[in-house]
Amino acid sequence: MNSLLHLHREKKIFKIFSTLKSKNNIYKYLIYVGKKINYSPFFLNKNNLLSGCQTKIWLFFFYQKKSIFILSYSDSIIIRALTFFLTKIYSNNLPINIINYRSFFLKNQILRSFFYNKRNNALKIILTRIRYQAVKYLI
């Protein structure tokens, strides 16, 4: 898997958001997706909890067949949905591809137009942790 796969996944997500058109519809969709995500709490512990975020966000990484897989969860429904989409871009990829890929997720006008700084900060922290874990698996 390479950066083209990341880009393809990201474009599919952007296409969904672009069809929703209004901020209100995007919020409704994020709430809908966030409520649907219901992982087993096996990884909801302090070792997987991110620090520096306003809400509680957990990221769980596992390595299988040379790829990193990522599960995410948040106590905020909207952040839960956003982390779900973000981890869909990066999960099931080789560590080197994760490190080298530069996401457009935070730069996308559709998403950026209505997310305030604290949510953007949380997404940056998540991206940093994802890259950190990829480097860790390479070592």
Check side chain to side chain contact (heavy atoms under 4.5 Å, CB included) between [X] and all other residues, then give those that pass, not counting sequence neighbours.
{"X": "K36", "answer": "Y32"}
{"X": "T128", "answer": "none"}
{"X": "T83", "answer": "I57, S72, I79, I126"}

Got a donor-acceptor contact below 3.5 angstrom from the [X] side chain to the [Y] backbone?
{"X": "N93", "Y": "I98", "value": "no"}
{"X": "N47", "Y": "N45", "value": "no"}
{"X": "N48", "Y": "L44", "value": "no"}
{"X": "T55", "Y": "S76", "value": "no"}

Listed pairs under 3.5 Å, donor-acceptor, residues 130-139 side chains, sequence neighbours left out:
| residue | atom | partner | partner atom | Å |
| --- | --- | --- | --- | --- |
| R131 | NH2 | Y90 | OH | 3.4 |
| R131 | NH2 | Y101 | O | 3.0 |

How long is the straight-line distance from [atom2] of [Y] back to [atom1] of [X], given to the nearest 0.5 Å?
{"X": "S91", "Y": "L71", "atom1": "OG", "atom2": "CG", "result": "7.0 Å"}
{"X": "I77", "Y": "K35", "atom1": "CD1", "atom2": "NZ", "result": "5.0 Å"}
{"X": "Y29", "Y": "T19", "atom1": "OH", "atom2": "OG1", "result": "8.0 Å"}
{"X": "S51", "Y": "I125", "atom1": "OG", "atom2": "CD1", "result": "7.0 Å"}
{"X": "I70", "Y": "L86", "atom1": "CD1", "atom2": "CG", "result": "8.0 Å"}

Residue list, ring pair (Phe, Tyr, Trp, His ring centres under 6.0 Å) with F85, at least two apart or on another chain: F17
Give the C-alpha distance, both sets of side-chain angles, the deciding distance and a yes or no for side chain to side chain contact (heavy atoms under 4.5 Å, CB included) between N92 and R9. CA-CA 12 Å; N92 190 16; R9 290 177 180 173; 4.2 Å; yes
What heavy-atom pair brings [X] and [Y] nearest, and what distance separates the two atoms?
{"X": "E10", "Y": "I89", "result": "CG-CD1, 3.6 Å"}
{"X": "L49", "Y": "R129", "result": "O-NH2, 4.4 Å"}
{"X": "F61", "Y": "I68", "result": "CD2-CG2, 3.9 Å"}
{"X": "Y63", "Y": "P95", "result": "CE1-CG, 3.8 Å"}

By side chain to side chain donor-acceptor pair (under 3.5 Å) - contacts of S22 (at least two apart): N25
Check the pair I78 / Y27 against side chain to side chain contact (heavy atoms under 4.5 Å, CB included), numbers first and verdict last. CA-CA 8 Å; I78 291 174; Y27 271 119; 3.4 Å; yes
Is there a side-chain contact between F60 and Y73 (heavy atoms, below 4.5 Å)? no
